**Student:** 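Sharing a structure here in structure tokens format.
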Amino acid sequence: MSFIPYGRQCITKEDIETVVQTLESDFLTQGPVGGEFEDACKQAFNSTYALSCNSATSGLHMAYEALGFGKGDTLWTSPNTFVATSNMALHVGGDVDFVDIDPDTYCMCMKALEAKLIQAKANNSLPKIITPVHFAGQSCNMKKLKELADEYGFFIVEDAAHAVGAVYNDKPVGACEFSDIAVFSFHPVKIITTGEGGMVTTNSAELAQKMADIRSHGVTKDEKRFTKPSEGPWFYEQQSLGCNYRMCDIQSALGFSQISRLAENIKSRIQISEVYKSQLAGLPLTFQKLEENAVSSWHLFVIKLEDASKRLEFFNYLCSKNIGVQIHYIPVHTQPYYKNLGFKEGLCPNAEDYYSRCISIPMYHTLTNADQQYVIDTIKKFF
Ligand SMILES: *Cc1c(COP(=O)(O)O)cnc(C)c1O
């Protein structure tokens, strides 16, 4: 049996042809295909604005800064995420804190959040932004989160890196019905890919403008926005501090081609998840519980072992059988960098317990029936 990874990209001939067309065109960056990919994302995610960027990490930076987040502000997120979610808040000079996960959904626990908000209000230390992470592709309880945002006055940035093609409350994740901004990743291991890349969506013209400025050096060539009269056709103004977070057209072309197959991609992932759930039922392990009103995009398929002491052996066993597995995630607050900031083990017991039991098994839309059956049979043999 050849190696089966836990996740992988799918590049078709059509994808390659689309990229080659761009390579042969006049534009390698900021040409027409960039706008076409953004338009396709607006449509797929049902948002008023969609801005491409060179990674979800850059997208998180753009989102936090556009919301005016910085020194003296605090962002709360889930510890069950990749480090970028909270790193970018620190990067722009703010503080972070973590809200424990629900032991069944592996997403931010709304009860824990509410309790923490009540306490923070009493201490006058409410967060400015809360970033829920749609873990493995299933949306958090956004209705409840929005209710709390209205009551306690914080912004919501969805870390939707896993949730390309996911649905919540009958709308695509990214529609921002209950949030200010959503951020997607197109890293190769995610649902669709541009090599490296990301996308931010919002329904706010003001936030979209601010994020566009941050993406491109804080420079505008829009005459209507100039503070002084244009001095000629070359003229531009730098009005704020920005970075170069642009996605190039080679990447946009790949994304544009990839997103045309999003629906079949998700359909296949849902089918694969159902086969796993029915065939692994009865073993000493549990599956992620789904939120009401949520259709997961199944970026990951995680199983949680009843017996944490078996996890390392199980992990090594699957690797020895040529099955790629991974652990998502080491709780962020337990990383050495965060420990140095004062975070301690025990802060989020559910996330820590979950981490000791979880394991992501192969999930990607081109996983064949035969390969999946091999994974299932191999897992059954272990138990
Ligand atoms: C992958 C990922 C990111 C970062 O995405 P990049 O595009 O690699 O920068 C952020 N958050 C989560 C939850 C992720 O899985």
Side-chain angles (χ1 to χ4, degrees), residues 5-9 37 41 45 50-65 75-92 96 98-99 101 105-108 129-140 142 156-166 173-174 179 181-201 211 214-215 243-248 251-252 254-255 258-259 269 288 296-302 326-333 335 338 348 351 354-355 358 360 363-364:
Y6 83 87
R8 66 165 303 167
Q9 75 275 18
F37 181 41
C41 286
F45 304 141
L51 288 98
S52 63
C53 49
N54 58 8
S55 70
T57 305
S58 310
L60 289 163
H61 186 181
M62 284 155 55
Y64 296 163
E65 210 163 294
L75 176 145
W76 291 0
T77 188
S78 160
N80 187 28
T81 187
F82 185 58
V83 294
T85 318
S86 49
N87 279 354
M88 286 302 105
L90 298 175
H91 217 80
V92 296
V96 299
F98 298 92
V99 183
I101 61 167
T105 67
Y106 319 154
C107 290
M108 186 184 284
I129 298 177
I130 291 186
T131 303
V133 179
H134 301 322
F135 181 76
Q138 98 147 310
S139 172
C140 294
M142 294 302 294
I156 301 173
V157 175
E158 299 172 72
D159 184 332
H162 298 185
V164 175
V173 169
S179 71
I181 298 169
V183 182
F184 295 95
S185 172
F186 303 132
H187 181 279
V189 87
K190 306 285 162 72
I191 308 272
I192 63 169
T193 191
T194 59
E196 295 275 3
M199 187 71 59
V200 295
T201 62
M211 290 193 285
I214 296 162
R215 176 173 65 173
C243 302
N244 178 357
Y245 282 163
R246 293 187 302 262
M247 176 180 279
C248 76
Q251 294 165 303
S252 294
L254 181 54
Q258 289 255 315
I259 204 168
R269 287 170 186 269
Q288 184 179 22
S296 177
S297 55
W298 293 105
H299 159 54
L300 301 172
F301 193 89
V302 177
Q326 191 46 276
I327 303 299
H328 300 95
Y329 286 100
I330 303 170
V332 176
H333 66 281
Q335 292 288 354
Y338 283 83
C348 297
Y354 160 83
Y355 163 62
C358 67
S360 302
M363 168 56 87
Y364 46 92

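In each ligand, atom 1 is the first atom listed, and ligand 1 is the first ligand listed. Quick caveat: nothing in here was measured; it's all calculated off a predicted structure.
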**Student:** Work out which heavy atom in M108 is nearest to a heavy atom in I130; give both atom names and the distance.
**Tutor:** CE-CG2, 3.9 Å

**Student:** For residues Q9 and T193, is any side-chain donor paired with an opposing acceptor at under 3.5 Å?
**Tutor:** no

**Student:** Pick from Y354, Y6, F82: which one makes a ring-ring contact (aromatic ring centres under 6.0 Å, His included) with H328?
**Tutor:** Y6

**Student:** Could you label the plane-to-plane angle of the Y106 and F135 rings as parallel, tilted or perpendicular, counting under 30° as parallel and over 60° as perpendicular?
**Tutor:** perpendicular

**Student:** Hey, what do you get for SG (C358) to CD1 (I327), rounding to the nearest 0.5 Å?
**Tutor:** 5.0 Å

**Student:** List ligand 1's nitrogen or oxygen atoms that come under 3.5 Å of a protein nitrogen or oxygen, with the partner atom and distance.
**Tutor:**
unit_1   : atom_1 : unit_2 : atom_2 : d
ligand 1 : 5 (O)  : S185   : OG     : 3.4
ligand 1 : 7 (O)  : A56    : N      : 2.9
ligand 1 : 7 (O)  : S185   : OG     : 2.8
ligand 1 : 9 (O)  : A56    : N      : 3.3
ligand 1 : 9 (O)  : T57    : N      : 2.9
ligand 1 : 9 (O)  : T57    : OG1    : 2.5
ligand 1 : 11 (N) : D159   : OD1    : 3.4
ligand 1 : 11 (N) : D159   : OD2    : 2.8
ligand 1 : 15 (O) : H162   : NE2    : 2.8
ligand 1 : 15 (O) : K190   : NZ     : 3.0
ligand 1 : 15 (O) : Y329   : OH     : 3.0

**Student:** How close do V173 and F45 get, heavy atom to heavy atom, and via which atoms?
**Tutor:** O-CD2, 3.8 Å

